[in-house]
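Data first, discussion second: the structure below is written as structure tokens.
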Amino acid sequence: MTPALTDLLVVARRAARAAAAVCLGVLEEAPAAPDAMAKLGKEPVTVADYGSQAVILEAVAAAFPGHGVIAEEGAAHFAEHAGAAGGEQIVRLVGRALGRAVTLEEVLGWIDHRGGAEPFTWVIDPIDGTKGFLRRDQFAVAVGLLHEGEPVAGVLACPHLSLDPADPGSSRGLLFWGGRGLGAFREPLDGSRSQPITVSDVADPARVRVLGSVESAHGDPALVQAVIDRAGLGGGWVRLDSQVKYGAVASGMAEVYLRPRSRPDYRDCVWDHAAGAAVVEAAGGRVSDLDGAPLDFSRGARLEANRGVLVSNGRVHDRVLEALAAAEG
Ligand code: AMP
Ligand code: MG
């Protein structure tokens, strides 16, 4: 029987919340910045990345054991680099998040759970924006759901995002979620009530607010600036880590998230976009690559068929694509 999207989203939201608690627990226990373990490909990874993934996949394995899984981390690297202290910490924090005692073997098993071949695939980035996490800045726990390769639902837990963006002193911790045919919502991470969200209806370029990566190496800031100038986008350019950017566009806090390729051969990872794309589309926005083509999530771990990513409220999408084509000449 095909489960209803709402049932999948109940599990995904609960899992993302528990995962966010693991991440915040690691930050609380770290005197300064949490230790980053060396990782192939040079991206940092911490015990929180593994603990978050373990908690999410524990929930997926229990509720939907036959669903497929694409997840960023693997247990072998943790076992090799975490040491005894890392092992003790992950067992403690995952146990606390799940509300029961767990063993290291169980935790490693959940990290490596990859499920079966049913048409739903869970796409998980346990900490998107690890560099932001290490700076105690923005990061997201991203849980996306593909059905036959298409992003149909997503959850973004954003523990450091202010509930009221106009008031940086307001309490922090937001969860965005949405699904095809269901709309999109935001709710405080503490579990209080959901509110519907939609993308903004701004179409006047002078008011368009643009989002991009903090890390210049994750994109092409010169090209973003050239597009802003050519399209006359006058609402400001804010740099934020992680898929928090998708949540911001989905909830009308910005109109455009532009992610040009950092180098010609770079292909984006599916876990950096699946959850966010589902939430933005459910909120009425549009997601494409820099040629205007839909993102093709059916090619494994990377968006092999796409170059770059453009997310918008829909109203200004074509204008940005035209400016991109002109700027790239
Ligand atoms: P952001 O916080 O939006 O800059 O994106 C964070 C994500 O960028 C990480 O999760 C990585 O998967 C991804 N990333 C790492 N290296 C690159 C690169 N050279 N170009 C584009 N994205 C990258
Ligand atoms: Mg990521």
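One-based numbering, in listed order, for ligands and for the atoms of each. Note that the structure is predicted; figures quoted are calculated from it, not measured.
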Do [X] and [Y] have side-chain N/O donor and acceptor atoms under 3.5 Å apart?
X	Y	value
S162	D164	no
Q89	E29	yes
D220	S262	no
R259	S213	yes
E187	W177	yes

With the threshold set at under 4.0 angstrom, would you say R263 reaches ligand 1 through any of its heavy atoms?
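Contact present.
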
Q243 near ligand 1, heavy-atom distance under 4.0 Å?
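Flag not set, Q243 not near ligand 1.
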
Looking only at protein heavy atoms, which one is nearest to [atom], and how far off is it?
atom	answer
atom 22 (N) of ligand 1	R259 NH2, 3.0 Å
atom 23 (C) of ligand 1	Y266 OH, 3.0 Å
atom 6 (C) of ligand 1	H218 ND1, 3.7 Å
atom 19 (N) of ligand 1	S262 OG, 3.0 Å

Atoms of ligand 1 close to [X] [distance to a heavy atom under 4.0 angstrom, numbered from 1]:
X	answer
S213	1 (P), 3 (O), 4 (O)
A217	18 (C), 19 (N), 20 (N)
S242	1 (P), 2 (O), 3 (O)

Considering V309, D137, L211, D272, which one's heavy-atom position lies nearest to atom 7 (C) of ligand 1?
D272

Polar contact flag for [X] and ligand 1 (N/O pairs, less than 3.5 Å):
X	value
W271	no
D268	no
E72	no

Among R135, K131, H218, H160, find the residue that satisfies the side-chain hydrogen bond (donor to acceptor under 3.5 Å, both in side chains) test when tested with D241.
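Running side-chain hydrogen bond (donor to acceptor under 3.5 Å, both in side chains) over R135, K131, H218, H160 with D241 returns exactly one hit, R135.
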
Can you name the N, O or S atom of D128 that is closest to the Mg ion (ligand 2)?
OD1

Going only through I, L, V, M, F, W and Y residues with side-chain contacts under 4.5 Å, is there a path from W271 to F64?
no

Regarding R302 and the six-membered ring of F297, is the cationic atom NZ or CZ under 6.0 Å from the ring centre and inside 45° of its axis?
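No - R302 does not lie over the ring of F297 by the 6.0 Å and 45° rule.
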
I'd like to know whether the aromatic ring centres of F185 and F176 sit less than 6.0 Å apart in this structure.
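F185 vs F176: aromatic centres not under 6.0 Å.
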
Angle subtended at the Mg ion (ligand 2) by D272 OD1 and D125 OD2, to the nearest 10 degrees, is 90°

About how many Å separate CG of L223 and CZ of R261, when rounded to the nearest 0.5 Å?
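If we round to the nearest 0.5 Å, R261:CZ and L223:CG are 10.0 Å apart.
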
Rounded distance [0.5 Å steps], NZ in K245 versus OH in Y257
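K245 NZ to Y257 OH: 4.0 Å, rounded to 0.5 Å.
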
What do we get for T130 next to ligand 1 when only non-hydrogen atoms under 4.0 Å count, side chain, backbone, both or neither?
neither

Please state which part of K245 comes within less than 4.0 Å of ligand 1, counting heavy atoms only: side chain, backbone, both or neither.
side chain

